[in-house]
Amino acid sequence: MDLSVVIPFYNERDNLAPLHEELTRTMRSLGRSYELIFVDDGSADGGIEVLRTIKQSDSAVRVIRLARNSGQTAALVCGFQHSTGEIVVAIDGDGENDPADIPKLVAKLEEGFDLATGWRTERWTGARLTRQIPSRAANALISRITGVHLHDYGCTLKAYRGGLARSLKLYGEMHRFVPAIAAEQGARIVEIPVNFRPRRSGVSKYGLGRILRTLLDLITVKFLSAYSTRPIQVFGAIGIVLGGVGSLWTLMLVLEKIILGRHLGDRPALLLAVLLVVVGVQLVGIGLLGEMLARTYHESQGKPIYVVKEEI
């Protein structure tokens with residue numbers, strides 16, 4: 001198979017048939033073999049029946065129905081692992097991504113890139129401040145922390161090399177950080193402007209509650225990408241700083257008691273200094289435990305700590 005298109009969706013009954021028509025028209029224009037993999041993430045609106053009807057008349061369609069609503073990340077991973085194409089394209093099932101942009105993404109992969117990701121330049125033409133400001137702030141923060149500078153981390157429309165898509169290990173809601181995770185594996189990434197369209201029907205599944213989840217996932221991605229093989233450098237460094245400050249502070253208080261004869265029993269500073277020492281020791285201990293877990297994780301799975309790009 002040349003191309004696999006993965007379409008995760010949740011309660012998008014009225015958007016499925018129009019999206020299928022657009023995808024079919026676009027894929028046929030490319031003149032390559034293709035498959036359309038619809039992943040139903042536990043929908044309860046009858047969308048699966050729409051796909052059953054479509055499947056009867058289109059052999060290129062594959063439908064995978066998850067047992068329960070597991071989230072977009074799980075639906076994407078399911079689609080990736082069931083794909084067979086040399087190139088895998090991911091597109092949202094709500095119709096906001098334009099299938100007509102797929103050829104542009106595929107062309108970038110043929111230029112030598114491993115991942116082509118969409119940038120919805122016209123997304124914020126309306127007065128939608130509750131989504132515009134948080135989204136732009138999140139994109140800037142993610143770019144700064146991960147070192148992979150993109151304008152739009154939230155765009156599902158992406159084209160992957162098949163091997164890259166099927167090798168991605170994603171959990172929680174980490175589909176937002178695919179470019180950063182792919183960059184860790186040495187992937188060449190390019191971002192290109194794509195069209196953004198308002199929904200035909202249905203409601204958005206996103207809200208302000210995702211901000212906290214995104215922040216927590218970002219911390220996880222940064223730790224796993226930079227310190228998964230050396231956790232002692234995170235926890236140990238913080239522990240040494242806190243323990244050092246606490247030790248010096250305690251020493252100063254003891255000297256005050258011995259030299260100046262000041263009382264320490266009624267001073268909160270003594271408790272705080274001792275607390276810093278205890279926390280510092282605990283953090284160093286956590287770092288050592290992290291080192292042991294990291295070695296167990298890599299050695300038990302035979303998981304390498306490097307990625308080979310080419311051998312000549």
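Considering every non-hydrogen atom in both Ala44 and Asn11, the closest pair reads N-OD1, 2.7 Å. Across every non-hydrogen atom of Ile37 and Gly79, the tightest pair is CD1-O, 4.0 Å. Here the closest heavy-atom approach between residue Ile232 and residue Leu288 is recorded as CD1-N, 3.6 Å. Between Gly93 and Phe9, the closest heavy-atom pair is CA-CB, 4.1 Å. The minimum heavy-atom distance linking Ala116 with Lys108 is given by the pair CB-CB, 4.0 Å. Of all heavy-atom pairs between Thr250 and Gly246, the closest is OG1-O, 2.7 Å.
When side chains are defined from C-beta on, Leu51 counts as touching Leu16, because their heavy atoms get closer than 4.5 Å. Counting heavy atoms from C-beta on, the side chains of Leu23 and Ile7 come closer than 4.5 Å. Taking the side chain as every heavy atom from C-beta outward, Val194 and Thr121 never approach each other to under 4.5 Å. Contact of the Ser70 side chain with the Arg68 side chain is registered, since non-hydrogen atoms from C-beta on lie closer than 4.5 Å.
With hydrophobic clusters built from ILVMFWY side chains whose heavy atoms lie under 4.5 angstrom apart, Val279 does not share a cluster with Leu248. Follow the hydrophobic side-chain contacts under 4.5 Å out from Leu272 and you reach Val274 in the same cluster. Both Phe177 and Leu168 belong to a common hydrophobic cluster when Ile, Leu, Val, Met, Phe, Trp and Tyr are linked at side-chain heavy-atom distances under 4.5 angstrom. Under the 4.5 Å side-chain heavy-atom criterion for Ile, Leu, Val, Met, Phe, Trp and Tyr, Val39 and Leu157 are members of distinct hydrophobic clusters. No continuous path of hydrophobic side-chain contacts links Phe80 to Phe38 [ILVMFWY only; heavy atoms under 4.5 Å].
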What do the steps show when you test Thr117 against Glu191 for side chain to side chain donor-acceptor pair (under 3.5 Å), and what is the final call? CA-CA 5 Å; Thr117 180; Glu191 184 179 37; 5.6 Å; no
Ile240 and Val284: CA distance, side-chain angles, deciding distance, side chain to side chain contact (heavy atoms under 4.5 Å, CB included) verdict: CA-CA 7 Å; Ile240 288 175; Val284 172; 4.3 Å; yes
Please determine whether side chain to side chain contact (heavy atoms under 4.5 Å, CB included) holds for the pair Val5 and Ile91, giving the CA-CA distance in whole Å, both sets of side-chain angles, and the decisive distance to 0.1 Å. CA-CA 7 Å; Val5 182; Ile91 186 171; 3.8 Å; yes
List the steps, then state whether side chain to side chain contact (heavy atoms under 4.5 Å, CB included) holds for Val278 with Leu276. CA-CA 5 Å; Val278 173; Leu276 289 176; over 6 Å; no
Check against side chain to side chain contact (heavy atoms under 4.5 Å, CB included), Arg267 and Glu256: CA-CA 12 Å; Arg267 297 183 61 181; Glu256 286 185 23; 2.8 Å; yes
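Of the N and O atoms on the side chains of Glu35 and Thr84, at least one donor lies less than 3.5 Å from an acceptor on the other residue. A side-chain donor-acceptor contact under 3.5 Å links Gln72 and Thr156. Using modelled atom types and a 3.5 Å distance limit, the side chains of His175 and Thr73 yield a donor-acceptor pair. Side-chain atoms of Asn15 and Asp94 include no donor-acceptor pair closer than 3.5 Å.
Atom CD of Gln282 sits about 8.5 Å away from atom CG of Leu275, to the nearest 0.5 Å. To the nearest 0.5 angstrom, Ser4 atom OG is 6.5 Å from Arg166 atom CZ. The CD1 atom of Ile219 sits 7.5 Å away from the CD1 atom of Ile145 when rounded to the nearest 0.5 Å. For the atom pair CZ of Arg161 and CG of Leu109, the computed distance is 5.0 Å after rounding to the nearest 0.5 Å. For the atom pair CG (Asp41) and CD (Glu12), the distance works out to 11.0 Å, reported to the nearest 0.5 Å. Leu36 contributes atom CG, which lies 5.5 Å from atom OG1 of Thr24 (distance to the nearest 0.5 angstrom).
Applying the salt bridge (Lys or Arg N to Asp or Glu O under 4.0 Å) criterion to Glu86, with sequence neighbours excluded, gives no partner residue. With sequence neighbours left out, Ala269 forms a side chain to side chain contact (heavy atoms under 4.5 Å, CB included) with Trp249, Leu253. With sequence neighbours excluded, no residue forms a salt bridge (Lys or Arg N to Asp or Glu O under 4.0 Å) with Arg25. The side chain to side chain contact (heavy atoms under 4.5 Å, CB included) search around Val106 returns Leu3, Arg32, Ile87, Val89, Ile102, Glu110, not counting sequence neighbours. Checked against salt bridge (Lys or Arg N to Asp or Glu O under 4.0 Å), Arg197 has the following partners two or more places apart in sequence or in another chain: Glu22, Asp98. For the side chain to side chain contact (heavy atoms under 4.5 Å, CB included) test, residues two or more places apart in sequence or in another chain that qualify with Ala60 are Tyr34, Asp58.
A cation-pi contact, defined as under 6.0 Å to the ring centre and within 45° of the axis, links Arg188 to Phe113.
A side-chain donor-acceptor contact under 3.5 Å links Thr53 to the backbone of Glu49. Under the 3.5 Å distance criterion, the side-chain polar atoms of His82 are matched with a main-chain donor or acceptor of Cys78. Between the side chain of Lys158 and the backbone N or O of Leu105, no donor-acceptor pair lies under 3.5 Å. Here the side chain of Ser43 pairs no donor or acceptor atom with the backbone of Asp40 at under 3.5 angstrom. Formation of a donor-acceptor pair under 3.5 Å by the Asn139 side chain with backbone atoms of Tyr153 is found in this model. The main-chain N or O of Thr26 is found under 3.5 Å from a side-chain atom of Ser29 such that the two form a donor-acceptor pair. Under the 3.5 Å distance criterion, the side-chain polar atoms of Ser143 are left unmatched by any main-chain donor or acceptor of Ala140. Put simply, the side chain of Ser33 gets close to the backbone of Asp2: a donor and an acceptor are under 3.5 Å apart.
Within 6.0 Å of the CZ atom in Arg65, the count of heavy atoms belonging to other residues, nucleotides or ligands does not exceed 12.
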